[in-house]
Amino acid sequence: MQQKMVLKVQMNCEKCRAQALKIAAATQGVTHMAIQGKEKDELMVTGDEVDSVKLTRCLRKKLHHATILTIKEIKEEKEEKKEEKKDDEKYTPPYYVCYPPYPMPPQIMVQDPCQSQACSIM
């Protein structure tokens, strides 16, 4: 279950923004994060089963002010569409044309005239 959450965080300088990103990156389940908003005071976090309360607490502990603005579930439309297409279409194996990488030389048999398999005593 992918979630997208937007948190309003008090970030007045680049150091605070870097620290907020570092805290978000260390949170379990986070796959993507970004800073957005006109004043660059919103932290957008995307991930699987991210604990929003735990993340907010960590941000409050370090940056003193953080509130949850929105939490939305992201529907994985791309994967759903791919599954539907796979079910609808019949599988056809790809057609490959294979040629030898170089011309094959003709096979030549060489026999030693001294060695004969017939018995010479009889």
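What you see is a predicted model, and the numbers here were worked out from it, not measured in a lab.
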query = Where do Val30 and Ala24 come nearest, in terms of heavy atoms and distance?
reply =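 That would be CG2-O, 3.3 Å.
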Where Lys4 and Thr46 come nearest, the two heavy atoms and their spacing = CG-OG1, 4.2 Å
task = Look at atom CD of Gln36 and say whether more than 12 heavy atoms of other residues, nucleotides or ligands are closer to it than 6.0 Å.
result =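 Yes, enclosed.
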Answer yes or no: is there a side-chain heavy-atom contact under 4.5 Å between [X] and [Y]?
X	Y	answer
Glu42	Ile35	no
Met11	Glu39	no
Leu63	Gln19	yes
Leu43	Val6	no
Thr67	Thr56	no

Gap between atom [atom2] of [Y] and atom [atom1] of [X] - 0.5 Å precision:
X	Y	atom1	atom2	answer
Met33	Leu55	CE	CG	10.5 Å
Lys54	Ile23	NZ	CD1	12.5 Å
Leu69	Leu7	CG	CG	7.0 Å
Ile74	Gln3	CD1	CD	9.0 Å

task = Begin from the C-alpha positions of Asp51 and Thr27 and carry the test side-chain contact (heavy atoms from CB on, under 4.5 Å) through to its verdict.
result = CA-CA 8 Å; Asp51 189 359; Thr27 305; 5.8 Å; no
message = Is it the case that the side chains of Gln2 and Asp48 hold a donor-acceptor pair, with the cut-off being a distance below 3.5 Å and no angle test?
response = yes
request  = State plainly whether one hydrophobic cluster holds both Leu21 and Met44, where clusters connect Ile, Leu, Val, Met, Phe, Trp and Tyr through side-chain heavy atoms under 4.5 angstrom apart.
outcome  = no
Worked verdict on Lys40 versus Arg17 for side-chain contact (heavy atoms from CB on, under 4.5 Å) = CA-CA 9 Å; Lys40 294 190 177 187; Arg17 290 184 188 99; 3.6 Å; yes
note = Which of Thr70, Ile68, Val50 passes side-chain contact (heavy atoms from CB on, under 4.5 Å) with Met5? Answer is Val50
task = Spell out, as yes or no, whether a donor-acceptor pair under 3.5 Å connects the side chain of Arg60 to the backbone of His65.
result = no
